[in-house]
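These values consider heavy atoms only, across backbone and side chains, with no hydrogens, waters or symmetry-generated copies.
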Amino acid sequence: AQREGQIVRQEMLANGQVQTISGTGEAAIISVRLLDAQGRSLEVAEVGQPVVLEVQTEVRQDIERLILGFMIKDRLGQAMYGINTHRQDLALTDLLAGEQVTYRFAFVMGLGKGNYSVALSLSRLDSHLDRNFEWRDYGLVFHVINNRHEDFVGCSWLGAKTTITRTAESIVSENTP
């Protein structure tokens with residue numbers, strides 16, 4: 001389908017989810033991987049594990065400005081975390097057709113146990129609504145398990161360190177006959 005100079009396509013993924021990819025195609029996402037500290041691809045990450053989200057892109061037409069953004073969503077589609085290179089003050093400018101750009105976002109996996117997906121956006125500004133080169137739902141699907149840390153409730157692991165101070169009051173009693 002085409003809409004306002006943009007192509008929209010949908011594909012059925014192996015997990016049954018429908019992936020939507022839309023945009024002008026001036027830049028495209030070539031691959032998306034979650035990597036461990038040794039650069040190996042992961043489908044399952046541990047809570048607290050250092051990881052890298054690697055996104056390889058290709059410029060297909062000359063572009064004045066390029067922003068890559070990603071959003072991690074839980075199994076219900078709720079945003080858990082999102083950032084883009086505009087907000088990080090890392091916009092690329094004056095890109096030429098044929099250039100390939102690899103982005104690597106390093107972070108500690110602070111999400112709780114569960115299934116997650118990554119939506120990605122290549123655009124000109126902070127929002128993909130301005131000029132959407134490519135928007136991709138379910139660009140990556142991964143799982144988080146917790147075998148290393150205390151069992152916690154919620155969607156974020158904070159690694160809280162607890163200090164407890166306990167004091168007992170001296171009880172003085174006088175026995176008077």
Side-chain angles (χ1 to χ4, degrees), residues 11 13-21 27-58 65-92 100-130 132-170:
E11 299 174 11
L13 300 176
N15 65 5
Q17 299 288 350
V18 176
Q19 180 184 62
T20 301
I21 300 171
I29 296 164
I30 304 303
S31 72
V32 183
R33 300 187 306 160
L34 188 64
L35 307 172
D36 67 10
Q38 289 73 40
R40 296 176 296 217
S41 289
L42 297 171
E43 290 183 15
V44 177
E46 286 266 358
V47 171
Q49 178 180 9
V51 297
V52 173
L53 178 65
E54 179 186 83
V55 183
Q56 293 182 332
T57 66
E58 179 179 76
R65 190 168 191 271
L66 183 63
I67 299 298
L68 174 80
F70 74 91
M71 185 182 329
I72 298 175
K73 298 179 181 182
D74 70 5
R75 65 182 180 81
L76 301 175
Q78 298 176 36
M80 297 289 104
Y81 178 80
I83 193 68
N84 67 36
T85 56
H86 172 84
R87 293 178 183 210
Q88 294 178 314
D89 200 24
L90 295 171
L92 297 178
Q100 293 194 350
V101 180
T102 300
Y103 297 86
R104 290 183 182 89
F105 299 89
F107 55 96
V108 172
M109 184 55 69
L111 298 171
K113 299 181 288 189
N115 301 319
Y116 298 91
S117 65
V118 179
L120 300 130
S121 170
L122 287 171
S123 61
R124 184 175 66 131
L125 297 175
D126 186 35
S127 169
H128 71 281
L129 300 177
D130 170 69
N132 174 28
F133 303 131
E134 181 170 313
W135 172 270
R136 181 180 294 236
D137 282 326
Y138 297 104
L140 178 72
V141 176
F142 66 94
H143 311 285
V144 176
I145 61 173
N146 184 14
N147 291 327
R148 300 180 183 178
H149 299 284
E150 70 281 357
D151 191 25
F152 63 94
V153 176
C155 59
S156 299
W157 174 71
L158 300 179
K161 304 296 180 208
T162 305
T163 303
I164 299 173
T165 304
R166 183 175 176 185
T167 60
E169 287 186 32
S170 297

Chemist: Rounded to the nearest 0.5 Å, how far apart are CZ of Arg104 and CD of Glu54?
Modeler: 4.5 Å
Chemist: When rounded to the nearest 0.5 angstrom, what distance separates OG in Ser41 from CG in Asp36?
Modeler: 8.5 Å
Chemist: If you count the non-hydrogen atoms of other residues, nucleotides and ligands that lie under 6.0 Å from CZ in Arg65, is the total more than 12?
Modeler: yes
Chemist: Just one of Val32, Leu68, Leu90, Leu120 clears the side-chain contact (heavy atoms from CB on, under 4.5 Å) bar with Tyr103, so which one?
Modeler: Leu68
Chemist: Distance-only, no hydrogens or angles: does the Thr20 side chain make a donor-acceptor pair with backbone N or O of Asp137 under 3.5 Å?
Modeler: no
Chemist: Measure the acute angle between the ring planes of Tyr116 and Phe142, then classify it against the limits of 30° and 60° as parallel, tilted or perpendicular.
Modeler: parallel
Chemist: Tell me, please, which residues at least two apart from His143 pass side chain to side chain donor-acceptor pair (under 3.5 Å).
Modeler: Asn115
Chemist: For Gln17 and Asn15, work out which heavy atoms get closest and say how close.
Modeler: N-OD1, 2.9 Å
Chemist: Rounded to the nearest 0.5 Å, how far does CE of Met109 lie from CG of Leu53?
Modeler: 9.0 Å
Chemist: Looking at every non-hydrogen atom in both residues, tell me the closest pair between Leu34 and Ala45 and how far apart they are.
Modeler: CD2-CB, 4.3 Å
Chemist: Which heavy-atom pair separates Leu111 from Val47 by the least distance, and what is that distance?
Modeler: O-CG2, 3.4 Å
Chemist: To the nearest 0.5 Å, what is the distance between CD on Gln19 and OG on Ser117?
Modeler: 10.0 Å
Chemist: Leu42 and Val51: which non-hydrogen atoms are nearest, and at how many Å?
Modeler: CD1-CG1, 3.9 Å
Chemist: Quick one: CZ on Arg124 to NE2 on His86, what's the gap to the nearest 0.5 Å?
Modeler: 11.5 Å
Chemist: What heavy-atom pair brings Asn147 and Ile145 nearest, and what distance separates the two atoms?
Modeler: ND2-CD1, 3.4 Å
Chemist: Out of curiosity, Asn84 CG to Phe70 CZ, how far, rounded to the nearest 0.5 Å?
Modeler: 9.5 Å
Chemist: Does atom CD of Glu150 have more than 12 heavy-atom neighbours, drawn from other residues, nucleotides or ligands, at distances under 6.0 Å?
Modeler: yes
Chemist: May I have the step-by-step check of side-chain contact (heavy atoms from CB on, under 4.5 Å) for Leu92 and Thr85, ending in yes or no?
Modeler: CA-CA 8 Å; Leu92 297 178; Thr85 56; over 6 Å; no
Chemist: Over all heavy atoms of both residues, which pair between Ala119 and Lys73 is shortest? Give the atoms and the distance, please.
Modeler: CB-CE, 4.2 Å
Chemist: Checking the side chain of Arg136 only, and the main-chain atoms of Ile29 only, is there a donor and an acceptor separated by less than 3.5 Å?
Modeler: yes
Chemist: For the residue pair His149 and Trp157, does the interplanar ring angle fall in the parallel (under 30°), tilted (30 to 60°) or perpendicular (over 60°) class?
Modeler: tilted
